[in-house]
Every structure is written in C-alpha cells, then in structure tokens.
Protein chains: 2
Amino acid sequence: MKSVKKDTLLEVAERLFYEHGFRGVGLKQIISEANVATMTLYNHFSSKDNLVEEVLKQREERYWSYLDSHVEMDSDSPFILAVRAHGRWLKEQSYKGDMFLRAIEDYAGTDNEIENIARGHKTRLLKYFQQLALKKGKDNGRDLANQITLLLEGSTSMTTLIGAEKATEYSIAMARILVQHTL
Amino acid sequence: MKSVKKDTLLEVAERLFYEHGFRGVGLKQIISEANVATMTLYNHFSSKDNLVEEVLKQREERYWSYLDSHVEMDSDSPFILAVRAHGRWLKEQSYKGDMFLRAIEDYAGTDNEIENIARGHKTRLLKYFQQLALKKGKDNGRDLANQITLLLEGSTSMTTLIGAEKATEYSIAMARILVQHTL
DNA sequence: ACTTAGATAGAATGACCTTTCTAATTTTCA
DNA sequence: TGAAAATTAGAAAGGTCATTCTATCTAAGT
C-alpha cells in the first residue's frame, strides 16, 4: 500500500514549501522535481491544500521523534535537554523560520484544516512543557512552560538572524537561569 | 507633493499584506479597497515589489517611533521599557506574527531589495540593544542585546498562541531576571 | 499470457495574476 | 479661466495557477 512516489512527493513538497512558502511553490515545480506525473499527485492527494496538510503532519512527526530521541524525561534537566534538542532541529531542519507558524499566518481565517493542524502542533508543545513542569513538581508549571516555549520560539526566529548555534546558546543560557530561578 | 491617494494605498496595502501575506493579496484587492484606479497605483509605485518595499519602510518607521516614544533611554530600566513597548506594539499592530520576518522568508533568495529592507530592520534592533547595553556599562553587551532581542522575537511568535498580554508578561518577567543577572 | 491498477505525458480549462494601454474625466493652481 | 497634471474605468496582453481529462504505457500478480 505504501507508495514510493507518494513519499517522494511529500519529501519534495516539504522542502520546497519550507524554502519558498506554500503560496510561492506551484504544483508544477513539485511534480517536476519529484519526477512524477500530474495525475500521480492527484491520485495520492485530493488537492494542494491536502498536500500541505500531509506535509505538516509529516513534519510534526519528525519534530517529535527528534525531541523524544534527545530528551530523557527523567533526567535532571529535561528542559535544558529540550531546548538543546530544539537547537539541533533548528540547525539541521529549520534554519529559516518555522513552518507551522508560517502555515498559521498564511491560512488563518480561510476556514480550512491547515491552520488547525499547525496550531495543534504549537498547543502540543505547550502541553509537553506543562507536563514536564508538573513532573518536576513546580507549582507554577504553566508559567514555566510558557516561558520555555517562548524561548524556543525566540530562538527559531533568531536563527534567521544570527544562526542556529548562537540562537541556541542564548536560549539555553536563559533557560538555565529560568529553571534555577523557579526551583 | 504628498498625495492622499498614495497614503491610502500604503495604508490599505500594509493592512492586507499583514493579514493575508504578500503573495496572498492581489493588486486588484488593494486598489479596490483603496478606491483607486489601477494606474494610480502604478503612478506612485513602479511595481508590486516596490509597493511591498514602501510598505515595509513605512512599517519600520512606525515601529521605531513607537519604541522611541515609550523608551526613556536614560531611565533605570530601558530594557524593560523596550520590552513593554514592544508588547504594546504587538497588541495594537502585530497580533499575528511579524511582517519583517515574513518578508525575509517569502523573498529570501530571489535577489530583490525586499529581503534587505526586512533584514535591515532586524539588524537595527540588535544594534539598538547593543548601544543600550553599552550605555549601561555592561561588559557583555552583545550577549545581553542578543538575549533581549530573542525575548522580543519570542513574544511576537507567542502572541499568535497565547495573546499579546500574556506573551508580554512572560517576556518582561524574563527580561527582569536577565538584567538583574548581568548587572 | 491476461488482467488490473497505477503511472505516464501533455493538452484543455477557467480563474487569477501583474503590468500596460487608451481615452475620457476631474482636480489643481497660476 | 485655462493649461497641466492626476485620476478614472475598463480592456487587453501575457503569465502562471490548480485542476481535470485524455489516451497510452508499464508493472504485478494470478
């Protein structure tokens, strides 16, 4: 059932959408770089919007397996590990802005599923850190979770300006102070 | 020399570009909402890209007069004032992402002036905080400036998720800790 | 070897895009 | 008032876009 063509399409589409934006990439370019016929795309995806949806889902899966594989939840400093893992993700996969934020901006208020998927990812990130804070027995877990998330988002934006290494260095430094401060 | 039509066009274009993205808005919609003929637009702007450029310049001017009017450079805590001012800007003018970051993403690598203008704004922000740190006699001025900028960028992104008030609350709290920590 | 499903190239469609053109009308101000 | 400049509506050109439709071809499994 799994199709190599479909996987190629998803891979190419994710790269191009990330590089030039959802609206900045046409299907023609995608099928051309994927070495696939038009109808092959439409056999696997019902529309361009549907392709965008699948791309976002795939990217989210990849993001979480990235985080999961780098964060030992029971470690002394899971927050720091998460910020560091996010930094690696930035360096390798997200050096110019965040795809989910971009999807939210591009499709906000147009009544489609894309915005929901993108917002879902962000919500999950917040919940992730809230649970982490809970496990650590912090009383102000929600605040800490929001602040750590803010640091992640900040480092993502800053990556465009000063590179992933420096952005991550700064966010880790601040996360350390933060965790220490809310013990 | 100043034309009311041109101002209307800039105002309408800025609103629509921010709301739906540069590529998501057509000139037809802009001239329609500005109650202006096609040729009026082309009399004042040489192309759509040129319109985008002027919109960005205008927005940057507005951003800086916002900051300047709220930040007393010689105050005890100009950093905190700046973060707070940025928070007000978010609430009133930038509730869903940052227009400059978006311009950088949308036009990166397409060899045009737009990306330069957008990056210029971000560079200026960094320099602003570096000078502030210098005036305060901090030895690690560059680090503090980068971190404060990271907090601003983070609060901008978080505004889309939790609103400007909470995002600003968190960034101010973190900025306080930071300034205190690097005295 | 036959069948069936998937993939192919390429054209057709209709919508929308930016930019240019024209010719009539309105505004500005000396 | 009269001349110059700005603005108008609308069409046209020339692209690109997403989507659909052919009709041929390839590959797999029985």
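All chains are named by letter (A, B, ...) in the order of the sequence lines, taking the proteins before the strands, and each is independently numbered beginning at 1. Worth knowing before you read on, the calculation uses all heavy atoms, side chains too, and leaves out hydrogens, waters and symmetry mates.
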Side-chain donor/acceptor of Y107(B) to backbone N/O of E113(B), under 3.5 Å: no
Distance below 4.0 Å between H44(B) side-chain N/O and dT7(D) OP1 or OP2: yes
Euclidean distance, atom NZ of residue K6(A) to atom C1' of dA7(C) [Å, nearest integer]: 16 Å
K6(A) to F45(A) six-membered ring, cation-pi geometry met (6.0 Å, 45°): yes
Footprint string (nucleotides 8-30 of chain D, 5' to 3'): B base within contact, S backbone only, - free, heavy atoms under 4.0 Å: BB--------SBBB---------
Atom-pair distance (CG on L51(B); C1' on dC17(C)), nearest Å: 15 Å
Parallel, tilted or perpendicular, as decided by the 30° and 60° cut-offs, for the rings of Y66(A) and W89(A): perpendicular
Y63(B) versus H86(B), side-chain donor and acceptor atoms under 3.5 Å: yes
Whole-Å gap separating C1' (dT20(C)) and CD1 (I31(B)): 13 Å
Partner residues of K122(B) under the side chain to side chain donor-acceptor pair (under 3.5 Å) criterion, sequence neighbours left out: D98(B), E153(B)
N or O in side chain of S3(B) less than 4.0 angstrom from dT7(D) OP1/OP2: yes
Aromatic ring pairing W64(A)/H121(A), orientation class (parallel under 30°, perpendicular over 60°, tilted between): perpendicular
